[in-house]
Amino acid sequence: MTEQGAEQGSGLARREFLKRGTLGLVMLGGIGSASGLLAACGGSSSAGNASGGGSSRDPLKVGLLVPLSGGYEVYGTQAKRGAELAAAEINAAGGVVGRKIQFVVEDTTNTPQVASQKLQKLVLQDKVTFTIGPQSSAEREAVIDFAMAHKHPLIYYISYEGGACDQYLYCFGPTPATSIEPYLSWLIANHGKRIFFTGWDYVANQVIGDGLKKWVPAAGGELVGQELVPFTTTDFGPQLRKAQATNPDIVFNGMYGAPGLQETFTQFGMKDKTHLAGWALDRAQVEALSPDAAANLSWCADWEDTTTPLSAPANKKFLDSMHKMFGPDITITGTAVDTYVGLHMYASAINKASSTDADKASTAIDGSSFEGPGGRYTLSSDNHNVDAPAYVFTTSGVKAGKVDVLMAKDLGEQKAAPACGRKWQH
Amino acid sequence: VHSLVLHGLDALFYSSTLTLVALGLAVVFGLLGVINIAHGEFVALGAYGLVLGQSAGLGYWGGLLVGVLLAAAAGGITQVVIVRRLQDNLVMTLLAMYGLSLVIREALAWAFGAAGRSAHAPVAGKVSLAGVDYPAYRLLGLLIVFGLVVVLGLLFAKTRVGIISRAVVENRWIAQTVGINVKWVDFTMFALGTGLAGLAGAVLAPTVSVYPAMGQQFLILSFLVVIFTGVDRVRRNLFVVVVGALAIGVLSNVLGLHMRGVVAQIVLLMAVVAIVSVRPQGLLKS
């Protein structure tokens, strides 16, 4: 054994620490970006859903470009399941223009560059007809120019900040127009006027934060403050102390995947005076909380796995099929529903147009409707976002280890944002 | 005054958890000269140990023990399998520990899912203290950390274990010639350091989101604490990190209260960079 430590002067030790530490941190960064590149070159997998038989023609290849690793794969997995159920139903009913849907699955690793490279592979190499995904706003921005230039349709399933308006980008997730503006009136009527907004500091919450300055007064409330924090935040204390100082009736939480915020809110005793409302919350996230933190929350979306299932006619069949296909104990969220709706609607549009041509399908899908698990979904011909049902959901607490999620109010069908003024090609 | 006490307690709680994390990092560096890039992942292991223990019905204290043992055991294995073989090679150790951090993170994601989980506090409600109602759990966390620092302090100052470990730091070669089993000290101290990280993770878990990459931020913060305190001083006396942790904790809390989160982080890092360049020996007087 060499005895390095023996004669080490203290000055040397310090330099050593700084040197080693700096080297280590630099390496962290370097390897981090390198692993993104490596992942980009990594394997891809094909998952066949064409169960053989029937069609004499080739299967219709569809890209499934979702994060299956790298964080937020919870959502990617939901989207994948929703898509697989829709494909099974479509294939059983004769397929798309007589062809069975076959997925080519690619993992975005929740990284914009990877999403972009994988989409190019799907379009140029696999020659898929259209693609489900990608997921985050950053991924969407990274692929949009390429997709639109190649007239490659994207089924965008995640809830997002709204405002996207491209001919071949079809958005089926909740947006502020369908799940924040109508929700605010309910919040103010039931919990009071003073609203404080907090969330992760990224594009979606910046857009929503700006929007709230108009929407809250329009709904008769007052926006008393807002605080966005970086994704690396581990201590939610300061932002909640700031909120507390404004004496709010409602804290409107734009953080997903941050149970620590709800826990800290509860530990600070803020629940006595203040209602914690969430955007992009769902049963899966609430189930991760401790019982006290899980009680008396609310959120707004087009669908939720409520304790008493929503009464939309298509809901029972959807729930039964999901459980049959993926197991009785799986958690199902709105992301699965929106992907399911999106794939059904786009497949119907191709069938209606009798062509996989992106322009013809675009004309066919304009204004078309689908009876989904949450109710009626209609694709707005103005901006290719979806007019969707909206409900307020609340939690009453935990019963027998399960969070009790109630549908508190049916807000009715909500229109997507107004037209963006672009003309589609036909 | 009311809000000052409140913010003071917030900062104190945050500082106390930073103390534990930084103490673990300092034990491993001060005694073994190893920069543990995977230190944050041992914090995460501790937090997941609590989540695991609680879901297995062991309650908070059982879960806390699971968390500490999980992190300490993983640390012990790491020392034998990786650190002992590479200790003399700076770059290889860093690479190996970085690799280990990825392995632990992915293993946690595989075992528990990538979504945030939460652990349950053993006590709910609030306690009246100095005119404010403060969350009972955070006060309990403060007590745990305070008690632990005292116990550790006594361990190092008064016991044979402490004398032996200090002898190894002072002069590894002579320590060995007088019959101290240096290998055993290395092993024990590495497990102690990672066990402290695990304890920090378990104490923090009920107040933060538990997710596989949660340790990353603590790695950076505990590095800041050690640099800020002054590396030489930490090497000579581990417990000065309490001062550094207090400073960084209070600074981070005050900045967080008065400016936007992103700006607060930038200012904190800039302040540390400035301190290190003006007083590279650390802010404290030698």
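For the set A:Gln285, A:Gln262, A:Lys242, the entry with the most heavy-atom pairs within less than 4.5 Å of chain B is A:Lys242. Interface summary for chain A: among B:His258, B:Met97, B:Arg138, B:Met214, the most heavy-atom pairs under 4.5 angstrom belong to B:Arg138. Chosen from B:Arg117, B:Gln54, B:Arg260, the residue pairing most often with chain A at heavy-atom distances under 4.5 Å is B:Arg260. Options B:Ser209, B:Gly261, B:Ala124 differ in how many heavy-atom pairs under 4.5 Å they form with chain A, and the most are formed by B:Ser209. The most heavy-atom pairs under 4.5 Å with chain B, out of A:Val229, A:Thr264, A:Asp235, come from A:Asp235.
At a 4.5 Å heavy-atom cutoff, the contact between A:Phe236 and chain B is made by side-chain atoms alone. When heavy atoms are compared at a cutoff of 4.5 Å, B:Pro212 does not approach chain A at all. Heavy-atom distances place the side chain of A:Glu73, and not its backbone, under 4.5 Å from chain B.
Side-chain contact check for B:Asp133 and B:Ser128: at least one donor-acceptor pair (N or O, by modelled atom type) lies under 3.5 Å. For A:Gln135 and A:Asn110, the side-chain atoms include no donor-acceptor pair closer than 3.5 Å. A donor atom on one side chain and an acceptor atom on the other are found under 3.5 Å apart for B:Tyr134 and B:Asp10. Between the side chains of B:Tyr60 and B:Tyr137, a donor-acceptor pair is found at a separation under 3.5 Å.
Taking the six-membered ring where tryptophan is involved, the planes of A:Tyr72 and A:Tyr256 are perpendicular, since the angle between them exceeds 60° and thus also 30°.
Applying the ring pair (Phe, Tyr, Trp, His ring centres under 6.0 Å) test between B:Tyr48 and each of B:Trp110, B:Phe112, B:Tyr211 identifies B:Phe112 as the sole match.
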